[in-house]
A.B. asks: 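Handing you a structure now.
Just so you know, these numbers come straight off a predicted model, no measurement behind them. Each chain gets a letter, A, B and so on, in the order the sequences are listed, and its residues count up from 1.
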2 protein chains.
Amino acid sequence: MEQRHAAVLKAAGMKATPKRLAILELLEAESGYASPEELWKTLKGRFDRLGLPTVYRNLEELSESGVLTKVIHPNRQLYYYFCSNPEHHHHFVCLSCRKVEDIPSCGIEALEREVSIRNGGKVLSHILQLNGLCGGCAKKGEKA
Amino acid sequence: MEQRHAAVLKAAGMKATPKRLAILELLEAESGYASPEELWKTLKGRFDRLGLPTVYRNLEELSESGVLTKVIHPNRQLYYYFCSNPEHHHHFVCLSCRKVEDIPSCGIEALEREVSIRNGGKVLSHILQLNGLCGGCAKKGEKA
DNA sequence: CCTCTAAATAGAAATGATTTCGTTTTAAAA
DNA sequence: TTTTAAAACGAAATCATTTCTATTTAGAGG
């Protein structure tokens with residue numbers, strides 16, 4: 001496990017520091033997305049010193065490397081999710097319990113091509129995310 | 001025009017105040033999305049007093065009523081766009097000149113239904129937005 | 001194993017977009 | 001008109017996120 005994460009970091013051109021490994025392990029163990037501060041609160045007990053800016057910085061770097069996924073949340077705060085699915089795909093995120101479920105790739109690539117051709121522009125990225133309540137939360141009557 | 005916007009506000013259960021009308025007119029005249037502060041800077045000359053919080057509040061309310069569309073921007077600041085297309089659809093936003101173009105509805109509704117059925121959850125909303133450079137900006141070699 | 005250096009981290013402080021709050025003004029219903 | 005609930009003011013607060021400089025460390029190369 002440690003090995004696997006170290007390899008991921010190396011592949012991303014990042015040093016395999018204990019703090020980065022801890023962030024990855026913690027996020028992988030979570031079933032859902034987490035905020036920088038939550039991760040920091042959990043992890044700071046495991047290290048003599050661990051600054052909140054370090055957590056922010058690492059999450060951002062890991063997200064840029066594609067190791068983590070950023071969640072777009074209505075409250076506009078940062079949340080990250082560890083997703084091991086290497087295929088291009090999208091997510092259904094539960095606004096209540098924060099579980100994240102993969103959704104199969106829809107025809108968005110075709111749409112991108114069509115938009116490029118029709119408007120002469122260039123599509124650089126897309127956001128596709130479904131928000132809602134997962135089965136468990138819907139059953140329990142949770143609110144978003 | 002004034003009439004039309006006043007009617008829209010009334011339909012949304014909001015008072016047709018001069019400031020709200022001015023916000024709508026300005027945003028409709030724009031070809032792209034704008035930030036609260038930009039709108040405020042433009043509009044404050046037209047009123048004896050116009051507070052930035054008022055602009056924020058109105059944009060948020062108008063967005064909740066569906067009169068305006070919120071743009072999801074990588075820099076995580078708020079931007080709003082006036083879209084008169086009443087059909088459900090999505091947007092291609094230019095990260096350089098801020099132009100917004102409608103994109104035809106893709107099969108996302110079917111995807112929503114599928115996710116609901118497969119996972120037993122409830123999809124409350126979705127985000128689908130293409131980011132990129134419009135034809136003009138791409139041609140000019142603009143960068144995002 | 002050491003040594004060295006660029007990368008990573010600490011932590012306090014700054015930032016700045018956005019929101020809150022108590023008061024004043026106003027749109028529009030009666 | 002009169003009335004009043006909604007809207008706006010604007011100074012101040014909030015608070016997630018970022019910056020900055022000094023210190024520490026991972027890991028490449030000997």
A.B. asks: For B/Arg76 and A/Thr17, find the nucleotide of DNA chain C closest to each by heavy atoms; which residue's nucleotide sits nearer the 5' end?
C.D. replies: A/Thr17
A.B. asks: Between B/Arg98 (side chain) and B/Ala34 (backbone), is there a donor-acceptor pair under 3.5 Å?
C.D. replies: no
A.B. asks: Can a donor-acceptor pair be found, under 3.5 Å and without considering hydrogens, that links the side chain of A/His91 to the backbone of A/Val93?
C.D. replies: no
A.B. asks: Indicate whether OP1 or OP2 belonging to C/dA8 is found under 4.0 Å from a side-chain N or O atom of A/Arg20.
C.D. replies: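 Answer is yes, contact under 4.0 Å.
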A.B. asks: Expressed as a whole number of angstroms, how long is the span from A/Gln77:CD to C/dT18:P?
C.D. replies: 13 Å
A.B. asks: Students often mix this up, so state it plainly: with edges at 30° and 60°, are the rings of A/Tyr33 and A/Tyr79 parallel, tilted or perpendicular?
C.D. replies: perpendicular
A.B. asks: Round to a whole Å and report the spacing from CD of B/Glu37 to C1' of C/dA17.
C.D. replies: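 B/Glu37 atom CD is separated from C/dA17 atom C1' by 8 Å.
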A.B. asks: Figure out the CG/C1' separation between A/Leu21 and C/dA8, and round it to whole Å.
C.D. replies: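 It works out to 13 Å between those atoms.
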A.B. asks: CZ of A/Arg49 versus P of C/dG11: gap in Å, rounded?
C.D. replies: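 One finds 4 Å between P of C/dG11 and CZ of A/Arg49, rounded.
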A.B. asks: Just by modelled atom types, is the A/Ser35 backbone N or O under 3.5 Å from a matching donor or acceptor in the A/Glu38 side chain?
C.D. replies: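 Yes: the side chain of A/Glu38 pairs with the backbone of A/Ser35.
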A.B. asks: Give the rounded distance in Å between these two atoms: CD1 of A/Ile23 and C1' of C/dT9.
C.D. replies: 11 Å
A.B. asks: Can you confirm whether or not the ring centre of A/His126 sits under 6.0 Å from the ring centre of B/His90?
C.D. replies: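 That pair fails the under 6.0 Å test.
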A.B. asks: Taking CG from B/Leu59 and P from C/dT18, how many angstroms apart are they, rounded to a whole number?
C.D. replies: 10 Å
A.B. asks: Under the side chain to side chain donor-acceptor pair (under 3.5 Å) criterion, do A/Asn58 and A/Glu60 qualify, and how do the steps go?
C.D. replies: CA-CA 5 Å; A/Asn58 280 322; A/Glu60 179 58 26; over 6 Å; no
A.B. asks: Would you indicate, yes or no, if C/dT18 has its OP1 or OP2 atom less than 4.0 angstrom from a side-chain nitrogen or oxygen of B/Tyr56?
C.D. replies: yes
A.B. asks: Over how many whole Å does the gap from A/Met14 atom CE to C/dA8 atom P extend?
C.D. replies: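 Atom-to-atom, A/Met14 to C/dA8, this comes out as 6 Å.
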A.B. asks: Taking any atom under 4.0 angstrom from a heavy atom of chain A, which nucleotides of DNA chain D are the first and last to qualify, 5' to 3'?
C.D. replies: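 Going 5' to 3' along DNA chain D, contacts run D/dA16 to D/dG27.
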A.B. asks: Taking for each residue the nucleotide of DNA chain C with the nearest heavy atom, is it B/Lys15 or B/Glu60 whose nucleotide lies nearer the 5' end?
C.D. replies: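 Here B/Glu60 is the residue nearer the 5' end.
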A.B. asks: Strictly distance-based, threshold 3.5 Å: is any side-chain N or O of B/Ser65 a donor or acceptor partner for the main-chain N or O of B/Glu61?
C.D. replies: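 Pair found, side chain donor or acceptor close to backbone of B/Glu61.
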A.B. asks: Just the rounded figure in Å: distance from P of C/dA10 to CG of A/Asn58.
C.D. replies: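 Atom-to-atom, A/Asn58 to C/dA10, this comes out as 9 Å.
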A.B. asks: Is the phosphate of C/dT19 approached by B/Arg57 (side-chain N or O, under 4.0 Å from OP1 or OP2)?
C.D. replies: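 Checking C/dT19 against B/Arg57, no side-chain N or O comes under 4.0 Å of OP1 or OP2.
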A.B. asks: With B/His5, which of B/Arg20, B/Glu28, B/Glu25 fulfils side chain to side chain donor-acceptor pair (under 3.5 Å)?
C.D. replies: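 Running side chain to side chain donor-acceptor pair (under 3.5 Å) over B/Arg20, B/Glu28, B/Glu25 with B/His5 returns exactly one hit, B/Glu28.
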A.B. asks: When you measure from the side chain of A/Trp40 to the backbone N and O of A/Leu50, does any donor-acceptor pair fall under 3.5 Å?
C.D. replies: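 Pair found, side chain donor or acceptor close to backbone of A/Leu50.
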A.B. asks: Per the end-axis method with five pairs at each terminus, what is the bend angle of the helix from C/dC1-D/dG30 to C/dA30-D/dT1, to 10°?
C.D. replies: 50°
